[in-house]
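Just so it is clear: chains get the letters A, B, ... in the order the sequence lines come, proteins before strands, and each one is counted from 1. Just so you know, these numbers come straight off a predicted model, no measurement behind them.
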Protein chains: 2
Amino acid sequence: MHNTLEYIHKMILEVVDIDAIEWANYSAMFEIKEFKKKEVILNVNSICQNVYFVNSGLLRTYFTDKNGRESTFHFAQEFDLATDLESFIQQTPSKYHIQALEETQVVVWPHKMVFDGYKNLRNGEKLGRMLTEKYFILFSNKIQSLYTKTPLERYNEMNKRFPTILQRVPQHYIASYLNITSVHLSRLKNE
Amino acid sequence: MHNTLEYIHKMILEVVDIDAIEWANYSAMFEIKEFKKKEVILNVNSICQNVYFVNSGLLRTYFTDKNGRESTFHFAQEFDLATDLESFIQQTPSKYHIQALEETQVVVWPHKMVFDGYKNLRNGEKLGRMLTEKYFILFSNKIQSLYTKTPLERYNEMNKRFPTILQRVPQHYIASYLNITSVHLSRLKNE
DNA sequence: CTTTAGCAATAACATATGTTATTATTTTCA
DNA sequence: TGAAAATAATAACATATGTTATTGCTAAAG
């Protein structure tokens, strides 16, 4: 937990100036929560009220299409964050589910805290912009990968960048991350 | 041109307060540019220095994969904007091309103007945050569509939301927008 | 006006990916 | 510990999508 708060502190310091007193007051508002394995912590169509930083464990965000088929959009490991930013920003119904794949502890950044920060922190607005930009770049890379790479290429890419994920989660989640079936992934691995 | 500036002014007023004097000083820095049909105005690996608002004509942003195949990411019609925001923000090599599909006139929002605005406008940072959020939401919708819908569904969606585009551009650009071949699109339409 | 290049449809075939069912193994948990 | 559920591989078949080539039509350019 302290590690994650330290991580957040550093991340914020990288983009804006925030002094010790501000940080002490601000960071006191973070909350800690625990989720059980397989617990769904955000449902489609509910309003996303939190940004979650993973302290320990693993979260995944995923879509379901009209046939109920799931596509995993993102795995959030230690220090990663998970949220439906669109729902969070606009306070509109969420398009994702978020689910804990393991027993997971998170640092919670509640909506009110984020939005109050825009006003109350000296560099609140700038912080908001920079973090939105960071998150945007995640999406931008995702889109490029989806448009220009084959499932096999994306599997290899994943293998390089998140090697431990492949050990931690069942293969059908990996397949759903690649937006293919587990049968097809099994075939691709035989090459 | 005046229409587009008015449009931008309104868009800004929707999200932050900007008074007449500020706007007069600020908007004087916009530039106007014209591009010929088929002209490429941003190349992959160059640094994106501008946000373009289309005043008249039509732009498209697109990827190329390692086989040189193109995927159109977005069509920007009148009042729409086109940029590679990731490259623009970070001043890193662009991942997209941007090309004029028709004789096109744009309002140019140069990088320096945007970044100076963060400091010099009273609500510059907030404006930056809100516009980044807006652009993020575009991407967020795109991703959901890519993950959960079939090419045919995305064709029909496009038909509803941008009916004029289908008349304005050759079908193989539409196919590249759907990330399928023009042969396949032709087949899908026979249903 | 005429020539050329670009475009859209189509057919035939090839490849990628999905579906269903079966089986063996592993994990979960009562 | 033992039964039930989840998992991964595999095979056989079905469907979606890509590739190449051909044709006729339309738009662009000299």
Side-chain angles (χ1 to χ4, degrees), chain A residues 35-40 57-58 60 62-72 75 99-104 145-159 164-191, chain B residues 35-40 57-58 60 62-72 75 99-104 145-159 164-191:
Chain A
F35 303 111
K36 296 204 187 93
K37 187 168 180 170
K38 301 214 175 172
E39 186 173 350
V40 174
L58 184 62
R60 75 170 180 130
Y62 62 100
F63 296 106
T64 46
D65 69 16
K66 64 179 194 299
N67 303 315
R69 193 176 143 183
E70 296 181 358
S71 297
T72 297
F75 295 108
Q99 179 189 36
L101 291 186
E102 302 173 354
E103 180 95 18
T104 298
S145 177
L146 283 171
Y147 268 105
T148 64
K149 291 180 182 162
T150 65
L152 182 57
E153 287 169 328
R154 287 192 288 121
Y155 176 76
N156 291 329
E157 185 178 81
M158 188 179 185
N159 224 324
T164 59
I165 288 282
L166 302 186
Q167 267 61 54
R168 282 171 82 171
V169 309
Q171 306 261 353
H172 65 271
Y173 289 128
I174 306 294
S176 106
Y177 180 86
L178 300 172
N179 215 12
I180 61 178
T181 61
S182 59
V183 175
H184 190 52
L185 175 56
S186 177
R187 274 189 300 233
L188 289 179
K189 292 199 305 180
N190 291 349
E191 286 172 22
Chain B
F35 303 111
K36 296 204 188 93
K37 185 168 180 170
K38 301 212 174 174
E39 186 174 349
V40 173
L58 183 63
R60 75 170 179 128
Y62 61 101
F63 296 107
T64 46
D65 69 16
K66 65 180 193 301
N67 303 315
R69 193 176 143 183
E70 296 182 358
S71 297
T72 297
F75 295 107
Q99 178 189 38
L101 291 185
E102 301 174 354
E103 179 95 18
T104 298
S145 176
L146 284 171
Y147 267 105
T148 64
K149 292 181 181 161
T150 64
L152 182 56
E153 287 170 327
R154 288 193 289 120
Y155 177 75
N156 291 330
E157 185 177 81
M158 189 179 184
N159 224 323
T164 58
I165 289 282
L166 302 185
Q167 268 61 54
R168 283 171 82 172
V169 309
Q171 305 261 353
H172 65 271
Y173 289 128
I174 306 294
S176 105
Y177 180 86
L178 301 172
N179 215 11
I180 60 178
T181 61
S182 59
V183 175
H184 190 53
L185 175 56
S186 177
R187 274 188 301 234
L188 289 178
K189 293 200 304 178
N190 290 350
E191 287 171 20

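In this structure a side-chain-to-backbone donor-acceptor pair under 3.5 Å is present from B/Q99 to B/K38. Between the side chain of B/S176 and the backbone N or O of B/T72 there is at least one donor-acceptor pair closer than 3.5 Å. In this structure, the side chain of B/T104 engages the main chain of B/L58 through a donor-acceptor pair within 3.5 Å. For the pair B/N67 (side chain) and B/R69 (backbone), a donor-acceptor distance under 3.5 Å is absent.
At the phosphate of D/dA6, neither OP1 nor OP2 sits under 4.0 Å from any side-chain N or O atom of A/H172. Regarding contacts with the backbone of C/dT17, every side-chain N or O of A/N179 stays at 4.0 angstrom or more from both OP1 and OP2. Applying the 4.0 Å criterion to OP1 and OP2 of D/dA28, one finds that B/K37 has a side-chain N or O inside that range. Proximity of B/K189 to the phosphate of C/dA9: a side-chain N or O atom is located under 4.0 Å from OP1 or OP2.
When rounded to the nearest whole Å, the span between CD of A/Q171 and P of C/dT25 equals 17 Å. Atom CG of A/L178 and atom P of C/dT17 are 11 Å apart (whole Å). The interatomic distance linking B/I180 (CD1) with C/dA16 (P) rounds to 18 Å, in whole Å. The nearest whole Å value for the distance from the CZ atom in B/R154 to the C1' atom in D/dT17 is 13 Å. Regarding A/Q167, its CD atom lies at a distance of 15 Å from the C1' atom of D/dA8, rounded to whole Å. Going from atom NE2 of A/H184 over to atom P of D/dT17 covers 13 Å, rounded to whole Å. Following rounding to the nearest Å, A/R187 (CZ) and D/dT10 (P) show an atom-to-atom distance of 11 Å. In this structure, CG of A/L152 is placed 9 Å from P of C/dT17, rounded to the nearest angstrom.
Between A/L188 atom CG and A/L152 atom CG the span is 5.5 Å, to the nearest 0.5 Å.
Picking from C/dT17, D/dT19, D/dA11 the nucleotide with the shortest atom distance to the side chain of B/V183 gives D/dT19. Listed candidates were D/dA8, D/dG18, C/dA8. Nearest to the side chain of A/P170 is D/dA8.
Between B/L185 and A/T181, the residue anchored closer to the 5' end of DNA chain C is B/L185, taking for each the nucleotide with the nearest heavy atom.
Checked by distance alone, A/R69 brings no side-chain donor or acceptor within 3.5 Å of a matching partner on the base of C/dG18.
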